[in-house]
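All chains are named by letter (A, B, ...) in the order of the sequence lines, taking the proteins before the strands, and each is independently numbered beginning at 1. Everything numeric here is computed off the predicted structure, so don't read it as measured data.
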There are 2 protein chains.
Amino acid sequence: MTDSETQIPHSKRSRESTRARLLDAAAEVFAEVGLGEASVERICERAGFTRGAFYSNFASKDEMFLELATVVARERVHAVRARIDEISAAGDFNPQDTDVRVIIRALDVVGDDRLSTLLMSEISIRAMRDAEFAAAYLAQVGEVVEEIVQLIDDIVEAENLELRVPSHDAARIIVGVWSDVSARSAMSGLDPDEMAALRTRELGQIVDLVLVRRPQSSA
Amino acid sequence: MTDSETQIPHSKRSRESTRARLLDAAAEVFAEVGLGEASVERICERAGFTRGAFYSNFASKDEMFLELATVVARERVHAVRARIDEISAAGDFNPQDTDVRVIIRALDVVGDDRLSTLLMSEISIRAMRDAEFAAAYLAQVGEVVEEIVQLIDDIVEAENLELRVPSHDAARIIVGVWSDVSARSAMSGLDPDEMAALRTRELGQIVDLVLVRRPQSSA
DNA sequence: TGTACATCAGTGAACGCGCGTTCACTGATGTAC
DNA sequence: TGTACATCAGTGAACGCGCGTTCACTGATGTAC
């Protein structure tokens, strides 16, 4: 979206780190208090800049939120992809791991803490209010779902399982349940261990519903 | 929460209708623009009052949001309960209806349009930020889940089915998928018919995963 | 039924505060010679 | 290596606007006699 930068500007490095620090601070503040209640002043304070720095880097608060949402969604897709590559590279699926645990390991890179869940909720609610942004958001969610489809197909093949629904639907359901249980666990003052346990339990149920073990031909 | 009202005040009727009109207007405005961006002025304008009327009826914008959330959640529970009573009263489950359709009929009273979904998202995100409110919110969601548990048990018994998970978990999953698909369908500029079709399709899958038809003993 | 009075729901002007945004500036960094 | 100049990222004061909230008031409704 920026102009073509054929030669490196003056102090490009520091400018980019300013942007990054502002975006990081904004992620926290948007999550903590929401888009409407988050003030530019508060974001800048958190990042250690004045408001001028903000407007030197972003056109407006709203434009910055959109950029943050895009960055977060992209990172999410990359993180899931990288984790899944890592899992696949490990050969067969770490025998002592159950199927559920493999899927949870693939998803828990997306940020399962309270603040990440809040930020995702802000992003999702914003998508409901803005059709153009919704399209971009849904596309990124779709990419995550596609990654899970691959993973499911790999598990099904490696372990001789069957699916009760097409793998795309299975992946969609799993991602949906993931965000539902994340939201609920963010509400109930659970500590991180309890949150993880709840997620494991509920995702486990869904995975068991979706996968079915074939009549064993080998141990 | 209000003081005991042993005798009817001056013009109680009109005061209550003012509150109700303000709450209705607030539901729309909170859904449209979010809690932070919704101004008291805009709510009052929508309801046809001045801001003085607002502060004559509510202590603050935030307190009003909390009251609205409570009212909305209570109405939701009542609506589901009433609908389920109605379904049960109709004797056996309207033979041409599938199980999915029965469950959808039970849930679609909670408001499946874009604005209701947005308001529920605002309420849910607010619950993530406020432990006390979260407890109340989760309790009301739990009541809806309990109603669905009853309905599922009834269906299972009437149609000689089996469940792959305990009915409470089945109900929780169904309610979770319901809100996930509502959110997604609110994003993609679908018209109401398409939204209903999407919901039917995805809920149908979940219901099919959760219920299993017993080896038919009778047609 | 008619008059005088009490109540109080809703009005609307006023408050000051904090917001998003702008902009003339400064001073650190990089370049030219 | 040293000096003069150019760049431009980030500063911070200033803007005016719209916000949430307050409060003295008005006038419709209900009560007493």
d([atom1], [X]; [atom2], [N]) in whole Å:
X	N	atom1	atom2	answer
A:Y55	C:dT21	OH	P	3 Å
B:R21	C:dA9	CZ	C1'	12 Å
B:E37	C:dC19	CD	P	13 Å
A:E45	C:dC19	CD	P	10 Å
B:F49	D:dG20	CZ	C1'	19 Å
B:R51	C:dT11	CZ	C1'	11 Å
B:E63	D:dT21	CD	P	10 Å
B:E41	C:dA13	CD	P	12 Å

>> By nearest heavy atom, map A:S60 and B:S56 onto DNA chain C; which one lands nearer the 5' end?
In response: B:S56
> Start at the 5' end of DNA chain C and walk down; is the nucleotide closest to A:F54 or to B:N57 reached first?
Replying inline: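 Closer to the 5' end of DNA chain C: B:N57.
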> Which listed nucleotide (D:dC19, C:dG20, D:dG12) is nearest to the side chain of A:T50?
Replying inline: D:dG12
> Between B:F54 and B:F49, is the ring centre distance below 6.0 Å?
Replying inline: no
